[in-house]
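To start, the structure under review is shown below, and the notes come after it.
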Amino acid sequence: MRKILSSIRRGLKKSFDNIRNEQLKNNLLQAIPFWIGSVITGFFAVMYAKIFAWGENLLHFILNWHDWMIFLIAPVGFVLSWWLVKEFAPYAKGSGIPQVMAAVELANPKEHKKIRSLLSLKIIVFKIISSVVLVIGGGAVGREGPTIQIAGSVFRKVNEYLPEWWPKISKKNMIMTGAAAGLAAAFNTPLGGIVFAVEELSKTHINYFKTALFTAVIIAGLTAQTLAGSYLYLGYPKTNDVSLMVMFPIILVGGVAGIMASQLSVTMLKMNDWKKRKLKTDRANVLFLVGCALVIACIAFFISREILGSGKEIMERVLFTQDKHEDWYVPILRMLGPALSFTSGGAGGIFAPALTAGASIGSVISGAIHLTPNETNVVILAGMVAFLTGITRAPFTSAIIVLEMTDRHSLIFHLMLAGMVSSIASILVSRHSLYDVLKVNFLHEIRNNKE
């Protein structure tokens, strides 16, 4: 085996040495780490998606066996998910996107060593375990935000393992490219990954890293497709024969979803602040988590199971079946679930739960004003964009992600309108996005850490 590897290495070196253009050699050497990181990211994204889906399926299997089991598995899941993060990887908690944003800001000569707290192999392991445990326990969390932190960690480690003689690559560009590749692989949305890097992460001009960004997104997406097959995150909802008058319900949904999403963000931040001030001991945290878990368990048992999990099945039902109109209280449940789960201290993202909350808002409003099935689909998609925008304050990223996950390119203007209305409406509640505030909190913690 060693002889074969040695022979391959000599052959590659000989081919590389035959390249006479030094600039081409340097460009190739700089590109290779991005390619390696992208392949690994695509693999991790697919494996994580399968494990996460297994966790959701296990939850439903247990509840279909005996639905009262939710009163046992919810407290255990919430407490175990929190404990894993607290004991082994404190910065693996929550979504992962604010951590990546903080890492980008720390990617400077004076502070780059602090990035290892936010992006590491340990983060990858406990991000996956904690989030899967939380979703088995009924937590309303997603895997997309965590995939972005996982991807950022992968790209950081690839960059770290490069030999001294290798051409230097900007840590900031490497992390941003990894995040974009992670989002592209998680949703199978290459354009969404690129726009996310530019709109949410990049404070520099895209020309500095555009080639690496584009190739990384493409390679990560192709790797994910090779392993999981070519797929759309949601499918092809019917949206044809919709009149221009549907713009008015879209504006309504955009405004309502934007305000509700921004209010959810403010509520979760207040809950985090309250926990820091009041819950000083492990015992207090465990009691709080058990209380949150039992609230979710009671709602799931007595009212509706739709408070549980990422909520993807809700999106699929309202978009692809005749059962398009949710009860009025479902949007409240789809906000309460993430609020209790996201602030638990365990790992888990809010991308998918935000899309679900937006879909349920669009479903309720379209039912109230008696839209046709196809018009309802358009308004539901608009609600998804609007709610995600209210959380992230990234309207273009939100619109492109929903556009690509449903392949409804004819709706680009409808979805952009929903995103822009939501962006304006959400500012009425809070100027700053959830991710921005959490990023600042992480930076404050790390910079004041004396270790």
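Between F88 and F126, the ring-plane angle classifies as parallel under the 30° and 60° cut-offs. A parallel orientation is assigned to the rings of Y435 and F351, their planes being inclined by less than 30° (bins at 30° and 60°).
Side-chain atoms of Q99 come within 3.5 Å of backbone N or O of Y91 as a donor-acceptor pair. N377 places a side-chain N or O within donor-acceptor distance of the main-chain N or O of K238, the cut-off being under 3.5 Å. Of the possible donor and acceptor atoms, none in the side chain of S422 sits under 3.5 Å from a partner among the backbone N and O of G419.
The residues E56 and R143 are annotated as not salt-bridged, no charged nitrogen and carboxylate oxygen being separated by less than 4.0 angstrom. Of the charged side-chain nitrogens involved, at least one lies within less than 4.0 Å of a carboxylate oxygen, so that R156 and E160 count as a salt-bridged pair. Using a cutoff of 4.0 Å between basic side-chain nitrogens and carboxylate oxygens, E306 and R334 are not scored as salt-bridged. Taking 4.0 Å as the cut-off between side-chain N and carboxylate O, K276 and E445 count as a salt-bridged pair.
The environment of NZ in K114 is crowded: more than 12 heavy-atom neighbours from other residues, nucleotides or ligands sit within 6.0 Å. Counted within 6.0 Å of CZ on R116, heavy atoms from surrounding residues, nucleotides or ligands total 12 or fewer; the atom is thus considered open. Residue H60 qualifies as enclosed at atom NE2: its count of foreign heavy atoms under 6.0 Å is above 12.
Of the N and O atoms on the side chains of T392 and S433, not one donor lies less than 3.5 Å from an acceptor on the other residue. One side chain, S131 or Y48, offers a donor N or O that lies under 3.5 Å from an acceptor on the other.
Interatomic distance, F155 CZ to T41 OG1, rounded to the nearest 0.5 Å: 4.5 Å. Here the CG atom belonging to L162 is positioned 10.0 Å from the CD1 atom belonging to I32, to the nearest 0.5 angstrom.
Taking the side chain as every heavy atom from C-beta outward, M268 and I350 approach each other to under 4.5 Å. With a 4.5 Å cut-off on side-chain heavy atoms, W274 and K270 do not count as touching.
The distance between the ring centers of Y236 and F320 does not fall below 6.0 angstrom.
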